[in-house]
There are 2 protein chains.
Amino acid sequence: MSEHIDPIEEQYKLLHQRLKNEQLQEFRNELLDLHLYEQGLFYVSLDEEERQQIYTYLSPKEMGDIFDVLEEETEEMPEYLEEMRPQYVSDMLSEMYTDNAVDILKQLDKTEIAKYLSLMNHEDVKEIKALLHYEDETAGAIMTTEYVSIVANQTIRSAMYLLKTEALVAETIYYVFVVDDFNHLVGVISLRDLIVHDEDELIFDVMNERVISVKVGDEQSDVARMIKDYDFLAIPVTDYDDHLLGIVTVDDIIDVIDEEATSDYSGLAGVDVDEASEHPIKAASKRLPWLITLLFLGMSTATLIGQYEALVSEASVLAVFISLITGTAGNAGTQSLAVAVRRLAVQNEKGNNFFRMILSELLTGLVTGAITGLTIFIIVGIWKHNFMLGFVIGMAMLCAITVANLAGSLIPMLMDKLGFDPAVASGPFITTLSDLTSVLIYFNIASLFMRYFIS
Amino acid sequence: MSEHIDPIEEQYKLLHQRLKNEQLQEFRNELLDLHLYEQGLFYVSLDEEERQQIYTYLSPKEMGDIFDVLEEETEEMPEYLEEMRPQYVSDMLSEMYTDNAVDILKQLDKTEIAKYLSLMNHEDVKEIKALLHYEDETAGAIMTTEYVSIVANQTIRSAMYLLKTEALVAETIYYVFVVDDFNHLVGVISLRDLIVHDEDELIFDVMNERVISVKVGDEQSDVARMIKDYDFLAIPVTDYDDHLLGIVTVDDIIDVIDEEATSDYSGLAGVDVDEASEHPIKAASKRLPWLITLLFLGMSTATLIGQYEALVSEASVLAVFISLITGTAGNAGTQSLAVAVRRLAVQNEKGNNFFRMILSELLTGLVTGAITGLTIFIIVGIWKHNFMLGFVIGMAMLCAITVANLAGSLIPMLMDKLGFDPAVASGPFITTLSDLTSVLIYFNIASLFMRYFIS
């Protein structure tokens with residue numbers, strides 16, 4: 001897409017020049033002409049001195065518009081706020097959509113939050129505080145309060161008039177939510193429908209009473225799934241007595257879906273894949289904790305093999321197949337883990353088919369184990385001219401794969417049942433655990449049949 | 001969210017009853033009152049006989065509306081079409097948004113497609129054919145042609161009038177695209193802006209001329225990223241001479257993001273995680289190809305260890321650490337693989353920092369390898385009272401981790417450079433490959449220092 005990006009690079013260079021020459025008015029005209037996301041990319045490309053200059057060139061409102069689009073992109077947010085005057089920060093946060101302002105505040109410590117809130121007007125503080133206290137990753141934590149709501153006994157004309165005034169502050173005007181006198185959510189109407197109908201019709205007659213909403217405590221992944229399934233642009237959020245509290249818009253949902261996918265993926269790999277920098281020392285420091293933890297788990301496997309050292313020194317051929325059995329069982333465990341984590345993410349009714357899933361995974365493990373075991377039995381039998389050895393390897397393979405499959409699905413399901421995120425059960429953890437069980441199975445079967453396969 | 005779902009279950013039961021009693025009018029009223037997605041869920045819950053009844057109760061247009069929302073959810077689409085009269089299918093596809101109709105047609109074979117197209121009117125055939133030939137996973141393949149476009153030299157009032165008529169067929173009316181007399185894309189204006197401005201103003205004066213668009217051949221993941229970054233509800237698609245061809249809407253982008261995340265995740269696990277059924281035989285048949293392929297790769301590792309059987313029988317203690325070294329290197333390789341795949345997905349400028357990424361991953365591997373190696377050197381030295389053995393294990397660990405790290409990032413990057421999807425390089429493949437290199441490294445270092453650590 002270089003065609004789209006090049007003109008922007010040119011523009012950025014020009015803007016840099018304007019800053020250097022202190023051409024305030026030209027700079028403002030040209031910057032504010034860009035899309036907000038592009039303004040944001042320019043902003044983050046600056047050094048601190050240039051950013052300081054920007055804070056004097058742009059109003060808190062203009063800066064807030066940029067941060068509204070940028071917020072999820074940058075980890076340096078606390079540093080940016082640090083370098084602004086506190087009053088500027090407070091004004092900027094007040095001008096932003098409340099959900100985005102709250103996302104930024106959540107990255108700060110409590111004294112910082114208190115400082116900025118103390119400089120805001122009462123109304124804004126109230127709105128922000130209302131959102132701040134919702135638990136992370138719930139509908140409440142990602143909703144915004146800038147929605148348009150009306151009562152039902154008015155005409156479309158008067159609703160359109162209201163929309164015109166709200167259009168400047170509301171996060172979306174494409175849905176209008178209808179409430180009763182007690183702020184209970186009773187209907188919804190899209191701007192599309194408002195436009196199609198006659199201006200003299202009553203909202204009551206054209207609104208959709210079957211409004212789909214989520215509760216403020218619902219998990220954000222459930223909210224995301226509903227918006228995705230229903231193809232909504234926004235969904236209203238209510239408390240448990242159906243009072244309208246806010247809305248979640250589709251742009252926030254895209255971020256949620258991306259975030260959840262990244263976290264599932266990171267879990268499977270046992271690493272935070274969003275390593276911000278490519279700096280080797282930093283990257284290593286993020287990966288080492290898992291590696292060292294698993295090293296100790298791996299040590300138990302080594303210790304276990306140590307118990308069978310006499311067996312190995314008697315039949316050194318056993319050493320040949322250690323990595324084949326642990327590796328294959330690990331692969332099977334990773335597959336079943338990934339399937340289980342995904343299935344848990346897609347099905348939201350927790351646990352009602354727990355035993356069916358476990359049984360199904362057990363059978364899948366037995367089938368894959370049997371076929372893989374049979375294959376290796378034939379290969380080893382022919383290769384080593386020793387079908388008894390082949391039988392031992394094949395049996396060990398069958399059992400190790402079945403156990404690994406079971407562990408791969410059981411562990412995330414148990415974590416889910418206990419209220420943990422099942423994606424935390426990482427692939428490396430499952431493979432390292434399955435190394436242990438595989439070795440145990442392997443050497444036990446081997447000792448059992450020892451006298452038959454040693455020539 | 002059981003509170004939301006229960007009333008729907010009740011409703012579904014009632015609808016079943018209406019079908020059984022052949023209460024056509026009541027059934028229609030109650031079904032069509034539901035959200036399209038809910039109508040879809042009801043439809044897919046039916047058996048074939050009931051579905052046949054539905055086809056006589058609902059018009060092709062009504063059925064098409066349902067399929068518009070349902071299309072990405074179901075794999076049984078070809079079977080559903082099979083059981084309808086061909087003319088009904090053609091009418092239904094004509095009524096659907098073109099992009100969704102095309103998505104469905106793409107699941108059919110060529111003679112089926114020809115049959116349905118032959119029963120459509122010329123105009124619809126032209127639109128569908130135009131979309132059918134775009135390559136999969138490009139902007140062209142996911143765009144729709146039901147957008148609203150206008151010319152610039154008219155008032156907002158006349159544009160609003162056009163919108164009212166288009167509102168019934170356009171996929172979104174929330175953006176209006178401005179074109180010149182040759183259908184070149186020259187601007188965009190949101191419905192929000194149309195509403196805010198005075199009705200007598202000219203489109204030309206209020207439209208945004210800096211319209212962000214994508215090319216018809218751009219990859220769908222790039223289109224998704226742009227919609228996500230810019231917080232758009234839709235993005236226009238042009239040919240390489242800036243003629244407007246269609247738009248991609250945010251609901252399709254959510255599906256793309258979900259799809260790409262699932263495919264990355266499946267790749268990392270070496271399994272298609274969207275196993276449609278839980279049937280163990282089917283699940284096993286999907287997982288076995290990878291397992292058996294990797295079993296053969298694992299056999300090379302076993303063969304390699306076989307070469308060192310004499311070494312092992314002389315120093316059986318070496319067997320103790322095989323799985324520790326292969327396991328830890330495999331974990332490190334999985335981490336570096338996941339980071340590389342994600343980085344490739346996020347950075348779209350291909351290859352320009354290839355060597356920097358490889359160098360950075362090499363250094364990360366050396367650092368993690370050195371620290372892990374040092375740890376195991378101390379543990380083994382103390383545990384086995386043999387620091388020379390500890391040195392051998394530690395050195396092997398350092399080298400094996402470095403090589404696994406390098407392979408984990410090099411392989412997906414090479415695949416990307418060669419034009420393949422880097423996510424195809426699966427975690428199990430990397431760990432099995434790293435088993436081979438780890439064992440090679442381990443036994444070579446061990447033979448080198450053999451005489452020093454054997455007591």
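In this text, all values refer to a predicted model and were calculated from it rather than measured experimentally. Note that these values count all heavy atoms, side chains included, but never hydrogens, waters or copies made by symmetry. Chain A is the first sequence line, chain B the second, and so forth, proteins listed ahead of strands; every chain is numbered from 1.
- Between D231(B) and E171(A) the shortest side-chain heavy-atom distance does not fall below 4.5 Å.
- Contact annotation for L297(B): neither backbone nor side-chain heavy atoms come within less than 4.5 Å of a heavy atom of chain A.
- Of the inter-residue distances, the one linking I253(B) atom CD1 with I254(A) atom CD1 reads 7.5 Å to the nearest 0.5 angstrom.
- With a threshold of 4.5 angstrom between heavy atoms, D33(B) approaches chain A through its backbone and through its side chain.
- Heavy-atom distances place the side chain of I292(B), and not its backbone, under 4.5 Å from chain A.
- Considering only heavy-atom pairs separated by less than 4.5 Å from chain A, the leading option among T326(B), V196(B), D258(B), I401(B) is D258(B).
- Between chain B and the residues S323(A), G369(A), A224(A), the largest count of heavy-atom pairs under 4.5 Å involves S323(A).
- If you take CZ on R192(A) and CG on L163(B), they are separated by 10.0 Å, rounding to the nearest 0.5 Å.
- Neither the backbone nor the side chain of V380(B) comes within contact range of chain A, judged by heavy atoms closer than 4.5 Å.
- In terms of non-hydrogen atom pairs under 4.5 Å with chain B, the most contact-rich of T301(A), I257(A), T303(A) is T303(A).
- The part of L233(A) that comes within reach of chain B is its side chain, from C-beta onward, which places non-hydrogen atoms under 4.5 angstrom from that chain.
- Contact annotation for A170(A): only backbone heavy atoms (N, CA, C, O) come within less than 4.5 Å of a heavy atom of chain B.
- Looking at T165(A), there are no atoms closer than 4.5 Å to chain B (heavy atoms on both sides), in backbone or side chain.
- Residues A302(B) and V320(A) share a closest heavy-atom pair of O-CG1, 3.1 Å.
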**Request:** Could you please spell out the steps behind the side-chain contact (heavy atoms from CB on, under 4.5 Å) verdict for S336(B) and R287(A)?
**Result:** CA-CA 9 Å; S336(B) 110; R287(A) 300 187 199 176; 3.5 Å; yes

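- Here the shortest heavy-atom pairing between A319(B) and V312(A) reads CB-CG1, 3.7 Å.
- At a 4.5 Å heavy-atom cutoff, the contact between T431(A) and chain B is made by side-chain atoms alone.
- Nearest approach of L191(A) to Y174(B), heavy atoms of both residues: N-OH, 3.8 Å.
- Remark: Y230(A) OH to E38(B) CD distance equals 3.0 Å, nearest 0.5 Å.
- Put simply, CG on D251(B) and CG on D229(A) are 12.0 Å apart, with the number rounded to the nearest 0.5 Å.
- Contacts with chain B were tallied for I371(A), L362(A), D435(A); I371(A) has the most, counting heavy-atom pairs under 4.5 Å.
- Between chain A and the options L366(B), T334(B), I212(B), L168(B), heavy-atom pairs under 4.5 Å are most frequent for I212(B).
- With rounding to the nearest 0.5 angstrom, the CG atom of D264(B) is 12.0 Å from the CG atom of D264(A).
- Between F232(B) and H35(A), the ring-plane angle classifies as perpendicular under the 30° and 60° cut-offs.
- Ranked by heavy-atom pairs under 4.5 Å with chain A, the list H197(B), M397(B), R210(B) is led by R210(B).
- In terms of heavy-atom proximity, S316(A) sits nearest to E309(B) at OG-OE2, 3.2 Å.
- Counting heavy atoms from C-beta on, the side chains of W290(A) and N331(B) never come closer than 4.5 Å.
- A distance of 9.5 Å separates CG in L268(B) from OG in S266(A), rounded to the nearest 0.5 Å.
- Inter-residue side-chain proximity for L288(B) and T372(A) is flagged as met; some heavy-atom pair is nearer than 4.5 Å.
- Contacts between M299(B) and chain A at a heavy-atom distance below 4.5 Å involve backbone atoms as well as side-chain atoms.
- By number of non-hydrogen pairs under 4.5 angstrom with chain A, the leading residue of K164(B), E209(B), M160(B) is K164(B).
- Among T368(B), L359(B), L324(B), I322(B), the residue with the largest count of heavy-atom pairs under 4.5 Å with chain A is T368(B).
- When heavy atoms are compared at a cutoff of 4.5 Å, I195(B) approaches chain A by way of both its backbone and its side chain.
- Taking the side chain as every heavy atom from C-beta outward, T328(A) and L294(B) never approach each other to under 4.5 Å.
- Contact count versus chain B (heavy atoms, under 4.5 Å) is highest, among V367(A), L291(A), I173(A), for L291(A).
- Annotation: maximal heavy-atom pairing with chain A below 4.5 Å, among A338(B), G298(B), A167(B), occurs at A338(B).
- Residue contact with chain A, scored on non-hydrogen atoms closer than 4.5 Å, involves the backbone and the side chain of L34(B) alike.
- With a 4.5 Å cut-off on non-hydrogen atoms, S313(A) touches chain B through its backbone and its side chain both.
- Neither the backbone nor the side chain of S438(B) comes within less than 4.5 Å of any heavy atom of chain A.
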